[in-house]
Amino acid sequence: MDYMQSVEAVKHQLEMKREAGLSIGFVPTMGAIHEGHLRLLDICLGGCDVAVTSIFVNPLQFNNPEDYKKYPSTLDRDRALLESRGCHILFHPTYQEVYPEEDNTQYDFGPLEQVMEGRHRPGHFNGVAVVVKRLFDIIQPHKAYFGEKDFQQLLVVQELVRMFDLKIDIVPCPIVREADGLAMSSRNLRLSGTERKTAGKINRILQRAVERSTSMELRKLKAHVLEEFQREKDIRIEYVEFASTKDLQILDKWPQGQEVIICIAAYVGQIRLIDNMRFFSTFAE
Ligand code: AMP
């Protein structure tokens, strides 16, 4: 695996690969690599000749400075994991390399950024869009791989690609979970032992919600799910929403024959976690 920090070097290397007719796959991450990231890499390796993973903790997308400061960093381990999993290039730029000058672009993702993560983390998706656009310009991948764990981010990136008419295939990848159902996340490293156990309950509440969606009106189910979270005194729920997977607009009735996603954000201790599940409701209301 090549380890590169310079934009010029990675551009040059990838230019040669493209000229040789090889396809470039890209997995952007913020490091503290876990199995969720590695599964994206597996899918990338299955779909492209050259797999590039980036590690860059982008300050622009953190609306909470404390979260940025404490974001886990495990570079030596990350390098070993990526290499053993077959990654070809690890791009690990400095802030200066990514932003040689300030990028103040203001994107407008319309209603997509006015709900859930967009509403609760002001500026977050703008920061995501700025860095993803910059990384896309550097790597110029044929395909880029994003996890459905960050479902709203996935739709924002798809919109970004449409906005600029980029010739990049955005490949959504399924959520990878721990044995107890907790969605893998770099932030899980910051949970204490008891917090980690508590966090496992999030998935069980979501699963029960999906099961109950066949026999309950949406509004009732939402109130019920909120109650379940509120009963867990070590979980502080920020939001529970049911939305259409097409555009993430909030639903208050089950749509017939259309896919629904339940999305939540919750704090366990100081750590903010998000999760979601997709399903079809068969309940007619
Ligand atoms: P992050 O390093 O958290 O910015 O994540 C980098 C990429 O990995 C994003 O596309 C995430 O959606 C994806 N990802 C993170 N955790 C998971 C997971 N548990 N399952 C699937 N994809 C994930």
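Order of appearance sets the numbers: ligands from 1, and atoms from 1 within every ligand. What you see is a predicted model, and the numbers here were worked out from it, not measured in a lab.
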Item to complete: Apply the salt bridge (Lys or Arg N to Asp or Glu O under 4.0 Å) test between Glu228 and each candidate in Arg212, Arg204, Lys201, Lys222; give the one that qualifies.
Response: Arg212

Item to complete: Take the angle between the ring planes of His92 and Tyr3 and call it parallel below 30°, perpendicular above 60°, tilted in between.
Response: tilted

Quick check on ligand 1: any N or O pairs to the protein under 3.5 Å? One line per pair.
from, atom 1, to, atom 2, distance (Å)
ligand 1, 2 (O), Met30, N, 2.9
ligand 1, 2 (O), His37, NE2, 2.8
ligand 1, 5 (O), His37, NE2, 3.4
ligand 1, 10 (O), Gly147, N, 2.9
ligand 1, 12 (O), Gly147, N, 3.2
ligand 1, 12 (O), Gly147, O, 3.2
ligand 1, 12 (O), Asp150, OD2, 2.6
ligand 1, 16 (N), Met184, O, 3.3
ligand 1, 19 (N), Val176, O, 2.9
ligand 1, 19 (N), Met184, N, 3.3
ligand 1, 19 (N), Met184, O, 2.8
ligand 1, 20 (N), Val176, N, 2.8

Worksheet item: Who pairs with Cys87 by side chain to side chain contact (heavy atoms under 4.5 Å, CB included), at least two apart in sequence or on another chain?
Response: Met1, Leu41, Thr53, Leu82

Worksheet item: Do NZ/NE/NH1/NH2 and the carboxylate oxygens of Glu211 and Arg208 come within less than 4.0 Å?
Response: no

Item to complete: Determine, for Glu241 against Arg119, whether the closest basic-nitrogen to carboxylate-oxygen distance falls under 4.0 angstrom.
Response: no

Worksheet item: Any sub-3.5 Å donor-acceptor pair from Asn126's side-chain atoms to Tyr107's backbone N or O?
Response: yes

